[in-house]
Amino acid sequence: VVAARPGFGAPLAGAARSRALDSARNVRAGAGSVQQRGGTSRAAKCGGRYVLVAGRSSERQQQMATVSRLGGRSAHLHCYDPGVTHIVIREFRRTEKMLCACAAGKWVVKPSYLESCGNFGEWVPEHAHEWHNPRKCEPDNGIWHGAPRRWRTFWEKHQRGPFAGQRYLICLDEGTDASPPAQVIAQVICAGGGEAELMQSAPATPANVAARARSSRATFVIAGDGSPAVGPNLLAELRKGGAELVTATFVMDLVMKQPAAGAEHSAGPADYRPSPAAVGAFLVAGKKRKAPAGKAAVAAGRGGKALRA
C-alpha cells in the first residue's frame, strides 16, 4: 500500500501548524539541541522590524543608522537569519538569503525602501520598494522576479509555506554533486515550513537510503546525478513508502521559477529525477563512495527544522 503523501504546501494541523507559524530556531542535531542566532522575539522588541542590509560599507552604515533611528534592528550577514522581517538586496540573484526569504514569505526590498524611510522619518509602506516584476525572468537561470511577492502573499493567505507538510531526506556528496550545498538546501526547505534531514551517518547506498526514508517518513529524497544513493530500483522502493526521488534543483525551482498559467507550482517531481544516464554510467563503473561526515545541519526557518541523521 502506498502511503498518502502531502501535496505541495499541504496544510498542517495541531502542533505541527503551530510550529509552522513560530519562528523559533531550536534545531535538533543528533542527540543535542542548538539555538541558532537568537530568539524570534528580536523583531517584536525592535519596532517589529529586523532588517538585513546590503551594499557597500557606507551604504550599509546609512541603512543601519536609519533602522536604528526608527526603532528597528539590523545586521549585515552573508547567510540567512530566520528572525528577519525584511532583507535588502541590490541585485536579484539566487543566493541563500534570497531563497530562504522567499520561501519564508519575508519582505524582499530594494535599497530605496530604507532611503525612503530615512527621508520621511518613519516606516513607509513596502509595496513600492518590493522586488516584484511578474513579467521578468533572469535570462541565465530563469529565476522569476515575481517570486518574493508570490510567497509573501501565499504565507499571508494560507499561514504556511511551500514546503509545509513535507519531509526531505538529503543525500548529497558535498564534494561532487552538492550545488548549492546540502546545508543551504536544508535552510530553504525549513524556511518554507518543511523538515530536512541530512544523511551523513551511513553510506548512501540505495538500500540505506530506502530504509532511512521509511524510518524518517520522508516525502522526498534528494540525490545528485551519478550518486551512489541512486540505484535502478530506488524510486520504486521509495514510492512504496509514499516518497519521491528528486534532484536539489527541484527545491530551488519550486521557490524561484514562475509556474505555468493555471498551475499552482512551477516544479513537479517527475521533471527532476537524477539523470538515468549518469546513474547508468556510475553503475557500470562500479565505483563506491560514501556520504561525507560533514557538519550537522543547523537549518531552521519559519516552522521547519533540520535534523542530522
Side-chain angles (χ1 to χ4, degrees), residues 25 27-30 32 34 36-37 52 76-82 84 87 89 91-104 106 138 140-143 147 161-163 166-204 208-209 212-213 216 218 220-230 245-257 267 272-275 278 282 289-302 304-309:
R25 285 153 292 170
V27 181
R28 287 181 56 198
V34 177
Q36 187 186 19
R37 292 192 289 271
L52 292 188
H76 175 236
L77 303 173
H78 294 292
C79 56
Y80 174 70
D81 185 338
V84 303
I87 69 165
I89 61 170
E91 299 177 357
F92 199 85
R93 296 185 296 119
R94 196 171 66 174
T95 62
E96 175 190 340
K97 288 191 291 186
M98 167 71 84
L99 287 162
C100 291
C102 287
K106 306 300 177 82
E138 290 296 315
D140 56 339
N141 54 24
I143 64 173
F163 302 109
Q166 299 176 14
R167 298 171 63 92
Y168 285 75
L169 178 63
I170 302 175
C171 309
L172 292 175
D173 186 334
E174 295 283 4
T176 57
D177 56 13
S179 180
Q183 293 277 355
V184 172
I185 297 169
Q187 288 274 12
V188 175
I189 292 167
C190 293
E195 296 183 16
E197 179 178 345
L198 305 185
M199 187 167 179
Q200 297 177 321
S201 59
N208 287 341
V209 170
R212 182 63 59 79
S216 63
F220 288 90
V221 172
I222 295 177
D225 290 334
S227 167
V230 182
L245 177 65
V246 295
T247 61
T249 308
F250 170 76
V251 171
M252 309 297 112
D253 285 358
L254 182 62
V255 175
M256 297 303 297
K257 289 292 184 72
Y272 294 87
R273 306 284 185 226
S275 170
F282 167 79
R289 291 183 293 165
K290 289 187 177 182
K295 297 180 180 179
V298 286
R302 200 166 180 170
K305 62 181 180 180
L307 310 175
R308 174 180 173 182

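Because only heavy atoms are used, hydrogens play no part in the values below, and waters and symmetry mates are left out as well, while side chains stay in. In this text the structure is predicted, and so the values were computed from the model without any measurement.
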Self-check item: Under the side chain to side chain contact (heavy atoms under 4.5 Å, CB included) test, residues paired with A213 that sit two or more places apart
Solution: L169, A218, V221, L238
Quiz item: Between R212 and E197, is any pair of side-chain heavy atoms under 4.5 Å apart?
Solution: yes
Practice problem: Please name the pair of heavy atoms, one in I87 and one in A101, separated by the smallest distance, quoted to 0.1 Å. | Solution: CD1-CB, 3.5 Å
Quiz item: Picking from K97, E96, M98, what satisfies side-chain contact (heavy atoms from CB on, under 4.5 Å) with C100?
Solution: E96
Quiz item: CD1/I143 to CG/N141 distance, rounded to the nearest 0.5 angstrom?
Solution: 4.5 Å
Quiz item: Can you tell if the side chain of L99 reaches within under 4.5 Å of the side chain of Y80, non-hydrogen atoms only?
Solution: no
Exercise. Of all the heavy-atom pairs spanning P162 and L254, show the shortest one and how long it is.
Key: O-CD2, 4.4 Å
Exercise. Please test M199 against V209 for side chain to side chain contact (heavy atoms under 4.5 Å, CB included), starting from the C-alpha separation and ending with a verdict.
Key: CA-CA 8 Å; M199 187 167 179; V209 170; 3.9 Å; yes
Quiz item: Which atoms form the tightest heavy-atom contact between V251 and I185, and what is the distance?
Solution: CG2-CG2, 4.3 Å
Self-check item: Cationic N near anionic O, under 4.0 Å, R93 to D140
Solution: no
Quiz item: Looking only at heavy atoms, which two atoms of A223 and L245 are closest? And how far apart?
Solution: CB-CD1, 4.2 Å
Self-check item: Gap between atom CD of Q187 and atom CG of D81 - 0.5 Å precision
Solution: 9.5 Å
Quiz item: Please walk me through it: do I222 and F250 pass side chain to side chain contact (heavy atoms under 4.5 Å, CB included)?
Solution: CA-CA 9 Å; I222 295 177; F250 170 76; over 6 Å; no
Exercise. Identify the heavy atoms of M256 and C102 that sit nearest to each other, and give their distance.
Key: SD-SG, 3.9 Å
Quiz item: How many angstroms lie between atom CD1 of I89 and atom OG1 of T95, to the nearest 0.5 angstrom?
Solution: 7.0 Å
Self-check item: Test log, rule side chain to side chain contact (heavy atoms under 4.5 Å, CB included), inputs Y272 and M252
Solution: CA-CA 11 Å; Y272 294 87; M252 309 297 112; over 6 Å; no
Exercise. Please report the closest heavy-atom contact between C79 and L52, naming both atoms and the distance.
Key: O-CD1, 4.1 Å
